[in-house]
Peer 1: 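Sharing a structure here in structure tokens format.
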Amino acid sequence: MRKRIVAGNWKMNKTYEEALTLVSEIDNMVKDEVNGDVTVIVAPPFPFLQSVGKLTQGNDRMHLAAQNVSEHESGAYTGEVSAAMLKSVGVQYVIIGHSERRMYHHEDAQSLYKKLKTAIAQGITPIFCCGEPLEERDADRHFDYVDKQLHDSLSYLSNEEFDNVVVAYEPIWAIGTGRTASSQQAQEMHAYIREQLSRMFDAEAAFKCSILYGGSCNPGNAKELFSQPDVDGGLIGGASLKSRDFTDIIKSF
Ligand code: 13P
């Protein structure tokens with residue numbers, strides 16, 4: 001059985017007080033309303049990680065993620081945050097290779113590979129993001145595009161290193177646009193990703209890997225998306241900023 005995960009990527013939103021309010025609400029709703037074995041992850045901005053983590057400590061189902069990590073271990077890298085620092089404040093997951101970081105911060109495949117390595121070395125589980133822009137989908141090159149993203153950053157990991165990686169498929173045309181991939185589009189890409197992973201690593205590791213869908217996922221479409229055999233959960237942006245919506249998405253499993 002694969003781990004079922006719903007992760008909220010808060011991106012650059014919320015002040016400190018707002019962040020604490022949001023996570024307290026989510027924590028309470030998850031305790032009161034969510035049955036079953038869904039792993040819930042919140043990914044607040046860096047300055048709020050420790051405080052948010054403290055609030056969720058007593059809830060086994062809630063986990064803490066960072067939105068980024070430095071590719072370097074330590075040293076003179078002004079403004080960067082290392083995997084060891086994240087680990088020391090209780091971070092368990094880290095989002096790596098989100099399309100916004102690839103686009104606006106020019107993160108390339110080699111840098112993402114280094115980020116994966118440093119997170120894994122600290123025992124932090126990477127949530128590795130991939131997904132094509134609209135022009136690639138329109139040109140029917142989306143499978144090749146995603147395959148290259150997987151290959152260029154993931155394929156250099158060993159089987160053991162890959163064992164803990166979570167993959168998120170986030171088609172760029174669906175992020176923040178209100179235009180979701182259909183459940184069929186999500187399923188066929190997720191199955192394709194799993195197949196590519198089974199070529200890079202062993203089949204069991206690929207089978208065990210949780211593959212999340214991201215892109216305008218909301219309480220209205222989550223159930224249909226999560227019912228697909230290769231969709232193991234969601235990476236949620238906008239809807240994760242509202243406790244009611246986020247909890248309803250978690251309850252869609
Ligand atoms: P939205 O859910 O706002 O489309 O964002 C998805 C996303 O980028 C999550 O990482």
Side-chain angles (χ1 to χ4, degrees), residues 4-14 18-19 22-23 26 38-46 48-49 52 63-69 86 91-105 107 112 115-116 119 124-134 136-137 142 145-146 149-150 153 165-183 185-186 189-190 193 210-226 228 231-253:
R4 301 185 304 170
I5 299 172
V6 178
N9 175 9
W10 295 3
K11 305 191 181 183
M12 199 174 72
N13 291 293
K14 304 290 178 189
E18 290 166 352
L22 175 61
V23 78
I26 295 170
V38 185
T39 297
V40 179
I41 300 174
V42 287
F46 281 137
F48 313 149
L49 279 168
V52 165
H63 296 81
L64 189 63
Q67 298 174 18
N68 184 27
V69 62
L86 295 178
V91 167
Q92 296 144 299
Y93 292 82
V94 61
I95 299 171
I96 291 180
H98 193 283
S99 57
E100 288 150 15
R101 296 217 53 91
R102 292 179 192 254
M103 257 189 296
Y104 308 140
H105 302 279
E107 292 188 355
L112 299 181
K115 288 174 187 237
L116 288 162
I124 297 175
T125 300
I127 302 175
F128 178 78
C129 301
C130 58
E132 79 285 357
L134 186 58
E136 297 295 325
R137 168 131 325 235
H142 44 295
Y145 189 91
V146 168
Q149 286 182 319
L150 299 173
S153 297
V165 174
V166 171
V167 173
Y169 169 58
E170 300 203 305
I172 296 171
W173 46 270
I175 295 178
T177 58
R179 181 180 162 188
T180 326
S182 69
S183 53
Q185 285 172 322
M189 181 58 89
H190 283 222
I193 290 170
S210 298
I211 305 178
L212 314 183
Y213 168 80
S216 297
C217 188
N218 61 46
N221 58 31
K223 202 175 188 69
E224 168 77 15
L225 285 160
F226 296 173
Q228 301 303 310
V231 178
D232 305 307
L235 180 54
I236 320 298
S240 75
L241 299 171
K242 294 183 189 136
S243 51
R244 181 72 272 154
D245 285 358
F246 188 55
T247 308
D248 284 346
I249 293 174
I250 299 164
K251 286 162 71 181
S252 303
F253 265 118

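Note that the coordinates shown come from a computational prediction; the quantities given were computed from them, not determined experimentally. Positions are given from 1, in the same order as the sequence printed here. One-based numbering, in listed order, for ligands and for the atoms of each.
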Peer 1: Could you check whether any side-chain heavy atom of I41 comes within less than 4.5 Å of a side-chain heavy atom of I127, counting everything from C-beta outward?
Peer 2: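 SC-SC contact between I41 and I127 confirmed.
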Peer 1: Without swapping roles, check the side chain of E132 against the backbone of V146 for a donor-acceptor pair under 3.5 Å.
Peer 2: no
Peer 1: Test your reading of the structure: does G237 have an N or O sitting under 3.5 Å from an N or O of ligand 1?
Peer 2: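 Between G237 and ligand 1, an N or O pair is found under 3.5 Å apart.
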Peer 1: Provide, to 0.1 Å, the distance between atom 9 (C) of ligand 1 and the closest protein heavy atom, together with that atom's residue and name.
Peer 2: E170 OE2, 2.8 Å
Peer 1: Decide whether an N or O pair under 3.5 Å exists between T177 and ligand 1.
Peer 2: no
Peer 1: How many angstroms lie between CG in L116 and CD1 in I96, if you round to the nearest 0.5 Å?
Peer 2: 4.5 Å
Peer 1: Atom OG of S240 and atom CG of N13: how far apart are they, to the nearest 0.5 Å?
Peer 2: 8.0 Å
Peer 1: For E170, what residues pass the salt bridge (charged side-chain N to carboxylate O under 4.0 Å, His left out) criterion, not counting sequence neighbours?
Peer 2: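 Here no residue qualifies.
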Peer 1: At under 4.0 Å between heavy atoms, which part of I175 makes contact with ligand 1: side chain, backbone, both or neither?
Peer 2: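 Near ligand 1, I175 shows its backbone as well as its side chain.
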Peer 1: Check for me whether G215 has a heavy atom closer than 4.0 Å to any atom of ligand 1.
Peer 2: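 The answer is yes: ligand 1 sits under 4.0 Å from a heavy atom of G215.
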Peer 1: Hey, what do you get for CD1 (I5) to CD1 (I211), rounding to the nearest 0.5 Å?
Peer 2: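 Output value for this atom pair is 11.0 Å.
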Peer 1: Looking only at distance, does H98 have an N or O less than 3.5 Å from an N or O of ligand 1?
Peer 2: yes
Peer 1: Quick one: ring-ring contact (aromatic ring centres under 6.0 Å, His included) partners of F246, sequence neighbours excluded?
Peer 2: none
Peer 1: Which atoms of ligand 1 have any heavy atom of G238 under 4.0 Å away?
Peer 2: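 Result: 1 (P), 2 (O), 3 (O).
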Peer 1: Would you check whether A174 reaches within less than 4.0 Å of ligand 1, judged by its heavy atoms?
Peer 2: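 A174 counts as a contact of ligand 1 under the 4.0 Å cut-off.
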Peer 1: Which is closest to atom 4 (O) of ligand 1 in terms of heavy atoms, G8, G176, A168?
Peer 2: G176
